[in-house]
Amino acid sequence: MLREPTLTDQSKSPPPLLARADYHVHTAWCGHATGTPREYVDAAVAAGLGEIGFAVHVPVTIPIKEKINLNREQFALYLDEAPRLRDEYAGRIAVRIAGEFDYIPGQEAEIEEFATAFPYDYLLGAVHFLGNWNVDNPRSVNRWETADVAAVYRRYYELLAEAARSGTFDIVSHFDLVKKFGYRPDEDVTDAETAAADAVAEAGMTVEINTAGWRKPVGEQYPSAKILRLLRERNIPLCLGSDAHAPDQVGHRFDEAAALARSLGWTALAHYRRRERTLAPV
Ligand code: ZN
Ligand code: FE
Ligand code: FE
Ligand code: ZN
């Protein structure tokens, strides 16, 4: 027989797992972002967030010389320091420990090594490289001028689907990052987007609404409303990420992102702890 809840019971129950979470922030741990980890956590507290997840660029070997990902020493330092920060802030904000992993075919062993190096809260999987081209890098933006844009989009989504099928990651980073500089295919690539959405659904992954797109030339969140509808049809959960590379970007335009999710039919967002997903109201 079900017991009637009493006021006393309710007062004893834990606070609702409400709170808005920013699951994609970088920090000075990633050489190219500014602000100490503590400044990001303080910014999240000030913004009224209930959770913040560090998503440092994991030291997977990338095909360009530029320093984007942490090196192994920096990564070890991160895994050593982040738990201390998490414990220090316990009760004020939930600090999640995660990583943004490049999916690069041929690097599976290295990816696996880093993926199993720590009891992460979640792993973000991302495609930034097509062969040796870092498609979201402003330094190589000129390559878009001579590229077969539709072919690039198709290859990008193929890799994203492969990343999902690898089964390694929990959350898709910036699903349509390939649009960052505003180069759009002159033919329909819905088939490629759909195949990627199918692979993500099949893998049981979450997709982030990444608000950094609003700060980039494309001027649109990742993923587009069109792709979000494909995700909704497949019942794929969402979470929110700012991709902050400075503390004042934490929680950037989250009210709009949440409103967008709601307007397209999501009533809940995904939260992770130790790679277990729960859903809480948007
Ligand atoms: Zn970065
Ligand atoms: Fe990224
Ligand atoms: Fe990022
Ligand atoms: Zn990112």
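This chain uses plain numbering: 1 for the first residue, then up along the sequence.
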Got a salt bridge between [X] and [Y], using NZ or NE/NH1/NH2 to carboxylate O under 4.0 Å?
X: Arg38; Y: Glu81; result: no
X: Arg84; Y: Asp87; result: no
X: Arg20; Y: Asp255; result: yes
X: Asp191; Y: Arg154; result: yes

If we count only N and O atoms by modelled type, under 3.5 Å, do the side chains of [X] and [Y] hold a donor and an acceptor together?
X: Glu256; Y: Trp214; value: no
X: Ser242; Y: Asp22; value: yes
X: Tyr272; Y: Thr278; value: no
X: Tyr89; Y: Asp42; value: yes
X: Glu108; Y: Ser166; value: no
X: His57; Y: Gln74; value: no
X: Glu193; Y: Tyr153; value: no
X: Arg262; Y: Thr267; value: no

Measuring only between side-chain heavy atoms, which start at C-beta, is [X] closer than 4.5 Å to [Y]?
X: Val127; Y: Tyr157; answer: no
X: Leu228; Y: Leu260; answer: yes
X: Pro237; Y: Leu269; answer: no
X: Ile97; Y: Arg86; answer: yes
X: Asp186; Y: Val149; answer: no
X: Arg229; Y: Leu264; answer: yes
X: Tyr183; Y: Val152; answer: no
X: Pro37; Y: Tyr78; answer: no

Item to complete: Kindly determine whether Asp170 and Arg277 satisfy salt bridge (charged side-chain N to carboxylate O under 4.0 Å, His left out), including the steps that lead there.
Response: CA-CA 9 Å; Asp170 302 298; Arg277 181 168 66 196; over 6 Å; no
Practice prompt. Report, as yes or no, whether the 6.0 Å neighbourhood of atom CD on Glu276 holds more than 12 heavy atoms from other residues, nucleotides or ligands.
Written response: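 No.
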Discussion item. Take a 6.0 Å sphere around CZ of Arg273 and say whether it holds more than 12 heavy atoms from other residues, nucleotides or ligands.
Written reply: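 Counting other residues, nucleotides and ligands, CZ of Arg273 stays at 12 neighbours or fewer.
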Worksheet item: Are Phe118 and Tyr120 an aromatic pair by the rule of ring centers under 6.0 Å?
Response: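 Close enough - the centres of the two rings lie under 6.0 Å apart.
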Worksheet entry | Ring centroid separation Tyr122 to Tyr23 under 6.0 Å |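 Yes.
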Worksheet item: salt bridge (Lys or Arg N to Asp or Glu O under 4.0 Å) with Arg139: which residues, sequence neighbours excluded?
Response: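 Salt bridge (Lys or Arg N to Asp or Glu O under 4.0 Å) list for Arg139, sorted by chain: Glu66.
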Discussion item. Does Phe75 form a ring-ring contact (aromatic ring centres under 6.0 Å, His included) with Phe114? I'd like the steps, not just the answer.
Written reply: CA-CA 9 Å; Phe75 191 62; Phe114 293 120; 5.6 Å; yes
Discussion item. If we check salt bridge (Lys or Arg N to Asp or Glu O under 4.0 Å) with Glu220, which of these qualifies: Lys226, Arg184, Arg215?
Written reply: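 It is Arg184; the other options fail the test.
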Practice prompt. Verify salt bridge (charged side-chain N to carboxylate O under 4.0 Å, His left out) between Arg234 and Glu202, making sure each step is shown before the conclusion.
Written response: CA-CA 9 Å; Arg234 287 158 182 76; Glu202 182 70 25; over 6 Å; no
Going only through I, L, V, M, F, W and Y residues with side-chain contacts under 4.5 Å, is there a path from [X] to [Y]?
X: Val189; Y: Leu159; answer: yes
X: Leu231; Y: Leu177; answer: yes
X: Leu123; Y: Val200; answer: yes
X: Val282; Y: Ile209; answer: yes

Taking [X] for its side chain and [Y] for its backbone only, find out whether a donor-acceptor pair lies under 3.5 Å.
X: Glu39; Y: Thr36; result: yes
X: Lys216; Y: Lys180; result: no
X: Asn134; Y: Ser140; result: no

Worksheet entry | Full working for side-chain contact (heavy atoms from CB on, under 4.5 Å) between Val58 and Glu100 | CA-CA 6 Å; Val58 174; Glu100 182 175 20; 5.8 Å; no
Fill in: Aromatic ring pairing His26/His32, orientation class (parallel under 30°, perpendicular over 60°, tilted between)
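Geometry flag for His32 against His26: tilted rings.
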Discussion item. For Glu162 and Arg165: C-alpha separation, side-chain torsions, deciding distance, then whether salt bridge (charged side-chain N to carboxylate O under 4.0 Å, His left out) applies.
Written reply: CA-CA 5 Å; Glu162 250 183 62; Arg165 283 192 293 267; 5.4 Å; no
Fill in: side chain to side chain donor-acceptor pair (under 3.5 Å) between Glu51 and His271, worked out
CA-CA 9 Å; Glu51 280 182 68; His271 297 258; 2.6 Å; yes
Worksheet entry | Stepwise ring-ring contact (aromatic ring centres under 6.0 Å, His included) check, His24 with His252 | CA-CA 11 Å; His24 192 153; His252 178 69; over 10 Å; no
